[in-house]
Amino acid sequence: QVQLVESGGGSVQAGGSLRLSCTPSGYTNSWPCMAWFRQAPGKGREGVASIVIGTGRPYYADSAKGRFTVSQSQSDKTLYLQMNSLRPEDTGVYYCVARTGPYGRPCHDWSVGYSHWGQGTQVTVSS
């Protein structure tokens, strides 16, 4: 059974940094992608960053480019999201998400296959 547990959220001032972590269980190297999504207050969920399992190739939403870095530990498969230069509009609940199939679709195709979600961690950025 797939379980994803996030940690590392918190409250920071604009311009600050946070690092989110996601520990997966039930993990296999056959998963094609993992990703971070977020949900701002009153808005829907949106993809922020994804990573191709195996190659480590990252993809970023435009809002995250140049500020966020997604990575994965090869030893224990923990997924990270390093967030720098945070803005108030980055406020929301951040979710670690796994795509266990299908294959052959880009990991930044946020609408396909991201079916396993963590419980989320709150990030609040004040101005």
Side-chain angles (χ1 to χ4, degrees):
Q1 183 175 354
V2 175
Q3 281 193 308
L4 304 166
V5 180
E6 302 99 334
S7 61
S11 297
V12 295
Q13 291 192 322
S17 298
L18 284 173
R19 189 174 82 152
L20 307 183
S21 300
C22 169
T23 302
S25 60
Y27 179 92
T28 75
N29 285 333
S30 64
W31 295 359
C33 312
M34 291 186 72
W36 290 96
F37 282 63
R38 70 184 179 191
Q39 185 167 21
K43 296 188 177 180
R45 292 177 178 178
E46 62 173 351
V48 175
S50 62
I51 195 165
V52 179
I53 303 301
T55 68
R57 181 175 179 177
Y59 296 93
Y60 299 97
D62 288 343
S63 59
K65 288 177 182 175
R67 302 187 300 125
F68 294 3
T69 302
V70 62
S71 61
Q72 185 178 37
S73 165
Q74 290 308 302
S75 60
D76 63 5
K77 308 305 180 186
T78 297
L79 187 72
Y80 299 99
L81 184 67
Q82 177 67 44
M83 303 186 293
N84 299 327
S85 302
L86 283 162
R87 305 165 180 165
E89 54 265 39
D90 294 318
T91 293
V93 179
Y94 283 69
Y95 298 92
C96 174
V97 193
R99 179 196 287 179
T100 57
Y103 295 87
R105 298 293 294 270
C107 290
H108 57 281
D109 188 342
W110 311 110
S111 64
V112 175
Y114 284 106
S115 57
H116 298 280
W117 292 69
Q119 82 287 353
T121 186
Q122 177 70 43
V123 171
T124 303
V125 185
S126 57
S127 57

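A quick note: this is a predicted structure, and the numbers were derived from the prediction, not measured. We're numbering straight along the sequence, starting at 1. In what follows, every heavy atom counts, from backbone to side chain, and hydrogens, waters and symmetry copies are set aside.
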Trace of the side-chain contact (heavy atoms from CB on, under 4.5 Å) decision for Trp110 with Glu46:
CA-CA 8 Å; Trp110 311 110; Glu46 62 173 351; over 6 Å; no

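- Residues Tyr80 and Leu4 do not share a hydrophobic cluster, defined by chaining ILVMFWY side chains whose heavy atoms lie under 4.5 Å apart.
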Run the side-chain contact (heavy atoms from CB on, under 4.5 Å) test on Arg67 and Asp90 for me, step by step, so that the C-alpha distance in whole Å, both residues' side-chain angles and the decisive distance to 0.1 Å come before the verdict.
CA-CA 11 Å; Arg67 302 187 300 125; Asp90 294 318; 2.7 Å; yes

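- With hydrophobic clusters built from ILVMFWY side chains whose heavy atoms lie under 4.5 angstrom apart, Tyr59 does not share a cluster with Val70.
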Going through the distances and angles, do Val12 and Met83 end up as a side-chain contact (heavy atoms from CB on, under 4.5 Å)?
CA-CA 11 Å; Val12 295; Met83 303 186 293; over 6 Å; no

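- The two residues Met34 and Cys96 have their closest heavy-atom pair at CE-SG, 3.7 Å.
- Remark: Glu6 CD to Cys22 SG distance equals 5.5 Å, nearest 0.5 Å.
- Nearest approach of Arg87 to Val125, heavy atoms of both residues: O-CB, 3.2 Å.
- The aromatic ring centres of Tyr94 and Trp36 sit 6.0 Å or more apart.
- Ser115 contributes atom OG, which lies 9.5 Å from atom CZ of Arg99 (distance to the nearest 0.5 angstrom).
- Between His116 and Trp31, the two ring planes are parallel [angle under 30°; tilted spans 30° to 60°].
- Put simply, CZ on Phe68 and OG on Ser85 are 9.0 Å apart, with the number rounded to the nearest 0.5 Å.
- To the nearest 0.5 Å, the span separating CD on Gln82 from CG on Leu20 amounts to 9.0 Å.
- A 4.5 Å side-chain heavy-atom check between Arg45 and Tyr114 finds every atom pair outside the cut-off.
- Note that the OG1 atom of Thr69 and the CZ atom of Arg19 stand 11.0 Å from one another [nearest 0.5 Å].
- In this structure, SG on Cys33 lies 11.5 Å from CZ on Arg57, to the nearest 0.5 angstrom.
- Within the 4.5 Å cutoff, side-chain heavy atoms of Pro102 are placed close to those of Val112.
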Kindly determine whether Ser63 and Glu89 satisfy side-chain contact (heavy atoms from CB on, under 4.5 Å), including the steps that lead there.
CA-CA 10 Å; Ser63 59; Glu89 54 265 39; over 6 Å; no

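- Proximity of Gln72 to Ile53: side-chain heavy atoms (C-beta onward) are separated by under 4.5 Å at one or more points.
- Inter-residue side-chain proximity for Asp76 and Thr23 is flagged as unmet; no heavy-atom pair is nearer than 4.5 Å.
- Scanning both residues, Ser127 and Ala14, for their nearest heavy atoms gives CA-CB, 4.3 Å.
- Of the residues listed (Leu81, Val93, Val48, Thr121), the one engaging Arg38 in a side-chain contact (heavy atoms from CB on, under 4.5 Å) is Val48, and it is the only one.
- A salt bridge links Lys65 with Asp62: the closest approach of a Lys/Arg side-chain nitrogen to an acidic carboxylate oxygen falls below 4.0 angstrom.
- Note on Ile51: it clusters hydrophobically with Tyr60, by side-chain heavy-atom contacts below 4.5 Å among ILVMFWY residues.
- The shortest heavy-atom contact between Pro32 and Cys107 is O-SG, 3.8 Å.
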